[in-house]
Amino acid sequence: MERIKYLAVLAICGLLSLPLSACGNVREIAEYQIPETMQTIETGLIAENEHYLLKWDDEQKSALLENKATGYIWSTVPYEFLKEGGSNVNLNSPLFIQYYSPYDGSLQTSKAYSDCIMEETLEVTQVDGGVKLTFYFLDAEVTIPLYITLRENSLRVSVPLSEI
């Protein structure tokens, strides 16, 4: 799970740097807007297959993958930490982004926990076989969709470029 999060962060950083490398035509960008109310789903089972259960914990804003045979649980937040009710901006963040500030060109880091979950700018919707987490990063003025879907023998975590 840590490797998946690391790869997702790298992919997002790379994707966010693409517009900065563009030259030439300057176009007007629409004002950044977010929904007035954020949808969410209730705590419970999202999807299952022969080997795994995919669950959502709305209180902790965390997806949980449970092995049916062993009962072992993985989570978007380290599960032992989650069970203890710990709160840490880094551990509770399923997503980090880095972006360049348009105001001074400095490199900024935003963390999903402090910048979306605590600010209540995380939207959670159920999709076929999983869940879609839509993070609205207000300071960065970017929306990042994160899909977590259960497949036959794997868990797929994806960030579609076309939806950023």
Side-chain angles (χ1 to χ4, degrees), residues 1-16 18 32-99 109-138 140-164:
M1 193 62 133
E2 288 297 316
R3 184 176 178 187
I4 291 171
K5 287 177 17 180
Y6 177 74
L7 292 174
V9 169
L10 284 177
I12 290 169
C13 291
L15 295 174
L16 291 177
L18 288 176
Y32 183 71
Q33 295 183 5
I34 64 170
E36 288 184 29
T37 58
M38 298 289 152
Q39 297 179 30
T40 192
I41 59 175
E42 293 182 18
T43 296
L45 183 65
I46 298 169
E48 72 177 294
N49 63 23
E50 184 180 341
H51 304 286
Y52 297 101
L53 300 171
L54 181 59
K55 299 177 181 179
W56 176 251
D57 181 338
D58 194 50
E59 182 179 333
Q60 297 292 328
K61 304 296 186 208
S62 181
L64 309 164
L65 180 67
E66 182 177 343
N67 183 311
K68 286 182 172 181
T70 66
Y72 190 82
I73 298 175
W74 297 269
S75 173
T76 51
V77 173
Y79 189 64
E80 293 301 319
F81 181 77
L82 182 71
K83 283 188 343 188
E84 294 170 3
S87 181
N88 177 292
V89 71
N90 292 325
L91 291 178
N92 285 83
S93 291
L95 184 69
F96 289 66
I97 64 168
Q98 286 190 319
Y99 63 96
T109 299
S110 288
K111 300 172 184 179
Y113 183 71
S114 57
D115 295 335
C116 298
I117 295 170
M118 295 303 295
E119 295 295 324
E120 299 182 359
T121 60
L122 168 64
E123 187 166 51
V124 183
T125 53
Q126 193 160 354
V127 296
D128 188 32
V131 65
K132 176 185 178 187
L133 309 176
T134 306
F135 298 92
Y136 295 91
F137 289 92
L138 300 179
E141 296 186 358
V142 66
T143 301
I144 308 290
L146 178 71
Y147 287 83
I148 303 171
T149 52
L150 188 59
R151 301 188 322 176
E152 187 176 326
N153 291 318
S154 63
L155 184 71
R156 180 178 186 192
V157 178
S158 61
V159 178
L161 176 62
S162 63
E163 293 183 33
I164 294 178

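All values below come from the heavy atoms of this structure, side chains included, with hydrogens, waters and symmetry mates left out. Keep in mind that this is a model prediction, so the values were computed, not measured.
For the pair Leu122 and Thr134, the minimum side-chain heavy-atom distance is 4.5 Å or more. No side-chain heavy atom of Leu54 sits under 4.5 Å from any side-chain heavy atom of Leu45. Residues Phe81 and Ser75 have side chains not in contact (no heavy-atom distance under 4.5 Å, counting atoms from C-beta outward). Within the 4.5 Å cutoff, the side chain of Tyr136 has heavy atoms near those of the Pro35 side chain. Between Lys68 and Leu53 there is a side-chain heavy-atom pair separated by less than 4.5 Å. With a 4.5 Å cut-off on side-chain heavy atoms, Glu66 and Tyr72 do not count as touching. Looking at heavy atoms from C-beta onward, Glu50 lies out of side-chain contact with Asn153 at the 4.5 angstrom threshold. Proximity of Ile41 to Asp58: side-chain heavy atoms (C-beta onward) are nowhere separated by under 4.5 Å.
Checked by atom type, the side-chain pair Asp57/Ser62 shows no donor-acceptor distance below 3.5 Å. Between the side chains of Thr125 and Gln39, no donor-acceptor pair of N or O atoms lies under 3.5 Å.
Taking each heavy atom of Lys55 and Ile46 in turn, the nearest pair found is C-CD1, 3.6 Å. Nearest heavy atom pair, residue Ala112 against residue Pro94, reads CB-CD, 3.9 Å. Pairing each heavy atom of Asn90 with each of Lys111, the nearest pair is OD1-NZ, 2.7 Å. Across all non-hydrogen atoms, the minimal contact from Asn92 to Gln60 is ND2-OE1, 4.4 Å. Between Val127 and Val131, the closest heavy-atom pair is CG2-N, 3.7 Å. Annotation for Leu133 and Phe135: closest pair CB-CE1, 3.7 Å, computed over non-hydrogen atoms.
The number of heavy-atom neighbours closer than 6.0 Å to CE of Met38, taken from other residues, nucleotides and ligands shown, is above 12. The environment of CD in Gln126 is crowded: more than 12 heavy-atom neighbours from other residues, nucleotides or ligands sit within 6.0 Å.
Here the options are Leu64, Val124, Ile148, the test is side chain to side chain contact (heavy atoms under 4.5 Å, CB included), and the partner is Trp56; only Val124 passes.
Here Asn67 contributes atom CG and His51 contributes atom NE2; the two are 9.0 Å apart, rounded to the nearest 0.5 Å. The CD1 atom of Ile144 sits 9.0 Å away from atom SG of Cys116, with the distance rounded to the nearest 0.5 Å. Interatomic distance, Glu120 CD to Glu123 CD, rounded to the nearest 0.5 Å: 13.0 Å.
Applying the side chain to side chain contact (heavy atoms under 4.5 Å, CB included) rule to Ser110 yields the partners Ile97, Tyr99, Asp115, Phe137; only residues at least two apart in sequence or on another chain are considered.
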For residues 157-164, which side-chain donor-acceptor pairs fall under 3.5 Å, sequence neighbours excluded?
from   : atom 1 : to     : atom 2 : distance (Å)
Glu163 : OE1    : Lys132 : NZ     : 3.4
Glu163 : OE1    : Tyr147 : OH     : 2.8
Glu163 : OE2    : Tyr147 : OH     : 3.1

Determine whether Leu155 and Tyr52 satisfy the following criterion, side chain to side chain contact (heavy atoms under 4.5 Å, CB included), listing intermediate values before the conclusion.
CA-CA 9 Å; Leu155 184 71; Tyr52 297 101; over 6 Å; no
